[in-house]
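These notes concern the structure reproduced below.
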Amino acid sequence: MVPRRALRPCAKRSFLVACIAAVVEVVMKKEKYNPTVIEPKWQKKWEVDHLYHAREDDPRPKFYFLTMLPYTSGDLHIGHWYAMAPSDAKARYTRMKGYNVMFPIGFDAFGLPAEEAAIKHGIHPYKWTMANIERMRGQLKSMGAMWDWEREAITCDPSYYKWTQWFFLKFYEHGLAYRAMAPVDWCPHCNTSLAREQVWGEDRHCERCGTPVIKKDLEQWFFRITKYAEELLDFSKIDWPERVVTMQKNWIGRSEGVRFDLGIKGSPKKIPVFTTRPDTVFGMTFAVLSPEHPLVDELTTPEHRAEVEAYQFKARRMAEIDRLSTERERDGVFIGTYAINPMNGEEVPLYIADYVLMTYGTGAIMGVPAHDERDFDFARRYGLPIPVVIAPPDWDGQPLKAAYVGEGTMVNSGRFSGLSSREGWEAIADEMEQRGIGKREVQYRLHDWLISRQRYWGAPIPIVYCADCGIVPVPEDQLPVLLPQDAEFLPTGESPLKYHKEFLHTTCPCCGRPAERETDTMDTFMCSSWYHMRYTSPGYDKGPFDPVRYKYWMPVDQYTGGIEHATMHLLYTRFFTKACRDIGIVDHDEPMLRLFNQGIILGEDNEKMSKSRGNVVNPDEYVRTMGADTTRAYLMFIGPWDAGGPWSSRGIEGVHRFLHRVWDVVVNPAKPPEGQASPEEIAALRRMTHKTIRKVTDDMEAFRFNTAIAALMEMNNYLLKAKNTLVVHSEAWSEAVRSLILMLAPITPHLAEELWERIGGPYSVHTQPWPQWDEAAAAEEMVTLVVQVNGKVRDRLSVPAGLSEEKARELAFGSAKVQRYISDRDIVKTIYVPDALINIVVK
RNA sequence: GCCGAAGUGGCGGAAUGGUAUACGCGGCGGUCUCAAAAACCGCUGGGGGUCAACCCUGUGUGGGUUCGAAUCCCACCUUCGGCACCA
């Protein structure tokens, strides 16, 4: 409080004026909208009444509405609000439409930031995470969303990760989890390996910290997601945004081709290669192995060995360090051996080059410079011939200046010459298959999912390594493998588990002799791949979920969240479901039937919000000053939800004013003299009400919150004018007010509940059915008929709806404004769009 | 480079073949006030006009289809997002 004497004279005066105004208001009984009072009041009541607890014995059809769970980073920012408030509005709307809606919430609680905090501030990750959850719960509750808190799940809780480990064991048992030595992406800052999906951008940086990654050879655990590559390309059972579907398709990267064997001069060995262009095989003038190809050593002749090994060394260093160069030279080294083209018996030099990746196809390719850009560059560099075998449509027979990768007519291709490249593709593939030297094959870009993380704060991988028994899964009845509480966090970032003797040393579950535990933990995306399953029955302890309740709720009917998870969480969770189905744990194919991706909320300066830019919006502040309802409604009003957009502190004030005016319409209607409004006035009011219900219903269905709110604003503006007229005494007025409150309920739940109570509605507004519109009441009696001459608007006429064409034409031709443009011209024709427009075409 | 989305007043946006700019912000004018703020009421794309009627023009740029195009087609430009030698 400011001491009284600190007030300057003018401040003193305005204080007095404010006091007088307040007194006047009380005397006049004009009550003001006060969200800071009504919001906590209703939140408390809803909680006490378990208003949002979803039950399985409800007779209405079930609807599982889910929003991606938040990560326990510590503070709820406006981005969380943007993801959750509109989603809550849609869930509430769905409930009012007659569904038994479950809208759960939980926390994604494992992960690096907790561990970083431990290293930096000496606070245990568990404590840090739990404190954050406590704080976030309070912030989430201030939003007034209809979350069923009784279903809350926290992924770092042993009662949760026990089942994460259980899923791992099931996957292992069914051959879907395996351990392999592989060159993996390693973040030198986070000191852990990463899945391919977590490495981003041109410079291949770590998704979390931005540090460029390096390659490291490590023994790691993988999930066999590639087994599902083909099925994951099938989106026919789900209704997901095209954007996500495209991204997943590209990520999986299916390509059809032929795998065939190249011969080797002076050796019975074969080199399998993969190509998507078997039609170009006669244009092969060299072949290339990846530097890491297992045959390199054997096929390198002594006189080339030194050079080859130097290149291999260089390639390896490149893979580890030099990842920033975008303009990579396509160089390589001849290894002294010749490969044989099985189609024409030609001998071609065999190279190694780092543009051929060991991780795709067979790690070896045929080099067809005329019809592949990379091969073209390579052949140019080493002076290799570039014969054309697919003639471009208007080819003049001259050497190509660039690779031609399109379709054309086959030339210089033996008996295949003259075929179109498309026909030749099939013909050559057929011949290779008949001769037993090749086979049609589908390749995917997708790699298996690397789940090992060399960090502490994750679910331990339930595996024991025994000198005698090898890899031994921890038996189910010994789950969970608990994370030790007393771990030491080293600033080197190395996993504390490695140095925790009691954790590391154990006995083999198989033979009972001393053995060591796996010290890596699981990728947190493993935890979030099944959290939606857990929500169906969170306390259940005989399995990850209660099969009966699971069957009732699953699959998720509507999922919402950010697009950034398109090729990570959203792909993993689909894989997870399919894997569980094949194991027999679940009986459906897809986890989430419909998906909606919200956009990103930007700072007031139209830039991405960040502390360094100083453009971060704190939702708590707005909740304190303007209320949660205003903040919710404003976020929905900014623009289309999937587009995101910049925050505006002026914009939110506009929405706040709107809510004040709603309050004014409902709580403080004027008192016009007694009397009856005219039938026309009543019809007009009803038209407004029913048109608005129709518009808002359509918009809510399609997630168009911005235009729904605009329609409610229009209706309220109408009511503000009407409230001084006699219509306030009519049933149409009560209907209008009721409808307005009901339509606001999903968007501004506290305000709606308060107003609903004040008009005497039965508690709660959120259990009321959504209002229905009457098409007849919504229909316009008079419409504006636009009169055009040659497509230019020349007049606007107010006419009764449903006007006949003849009558419309008569009126249009009767218009003086129109006559000016048609009087001395020939009328070619008229076009009539009922209740909208008439266009007179003249010459 | 390839793939995808999008370009509309001063700003966020609305309109997906038929009145361009709904709704909100901002701005201008007014009411209330000693004054200001708040609130409320008007006006508000640009240019012209005897500032009235009215006219011209206008949805990234240039073409096209159509009686009529922000909307459909072609080419280009810009911005954002995804992919990164995937044979």
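When the ring-ring contact (aromatic ring centres under 6.0 Å, His included) test is applied to A:F378, the partners found at least two apart in sequence or on another chain are A:F286, A:Y351, A:Y355, A:Y382. Shown here are the ring-ring contact (aromatic ring centres under 6.0 Å, His included) partners of A:W449, two or more places apart in sequence or in another chain: A:F223, A:Y572.
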Expected string for nucleotides 38-54 of chain B under the B/S/- scheme (protein heavy atoms, under 4.0 Å, primed atoms plus P, OP1, OP2 as sugar-phosphate) is -SS-S-----------S
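At a cut-off of 3.5 Å, with distance as the only test, a side-chain donor of A:N615 or A:D605 sits close to an acceptor on the other residue. Defined by atom type and a distance below 3.5 Å, a donor-acceptor pair is present between the side-chain atoms of A:N34 and A:T36. When only modelled atom types and interatomic distance are considered, A:S649 and A:E604 share a side-chain donor-acceptor pair under 3.5 Å.
Note on A:V786: a base of the nucleic acid sits closer than 4.0 angstrom, heavy atoms only. Counting non-hydrogen atoms under 4.0 angstrom, A:V356 reaches a base of the nucleic acid. Note on A:S255: only backbone sugar-phosphate atoms sit closer than 4.0 angstrom, heavy atoms only; bases stay farther off.
Not one side-chain nitrogen or oxygen of A:K792 sits closer than 4.0 Å to the OP1 or OP2 atom of B:C55. Remark: A:R794 is not in phosphate contact with B:U19, judged by side-chain N or O atoms under 4.0 Å from OP1 or OP2.
Annotated as syn: B:G9, whose O4'-C1'-N torsion sits within 90° of 0.
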In dot-bracket form, how is RNA chain B paired, counting a Watson-Crick or G-U wobble pair only if both its distances are under 3.5 Å and using | for bases paired to another strand? (((((((..(((.....[....)))((((((.......))))))((((.....))))..(((((..]....))))))))))))....
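Ring centroids of A:Y622 and A:W81 are separated by 6.0 Å or more, keeping the two rings apart.
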Atom pairs under 3.5 Å: protein N/O with N/O of nucleotides 11-18 of chain B:
{"unit_1": "B:G12", "atom_1": "O2'", "unit_2": "A:I638", "atom_2": "O", "d": "2.8"}
{"unit_1": "B:A14", "atom_1": "OP1", "unit_2": "A:N706", "atom_2": "ND2", "d": "2.9"}
{"unit_1": "B:G18", "atom_1": "N2", "unit_2": "A:Q788", "atom_2": "OE1", "d": "3.4"}
{"unit_1": "B:G18", "atom_1": "N2", "unit_2": "A:N839", "atom_2": "ND2", "d": "3.4"}

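Sorted by first and then second residue, the side-chain hydrogen bond (donor to acceptor under 3.5 Å, both in side chains) pairs with a member in residues 825-843 of chain A read A:R809-A:T830; sequence neighbours excluded.
Residues A:W641 and A:Y82 have side chains in contact (heavy-atom distance under 4.5 Å, counting atoms from C-beta outward).
Atoms CG (A:N716) and C1' (B:A22) sit 16 Å apart, rounded to a whole Å.
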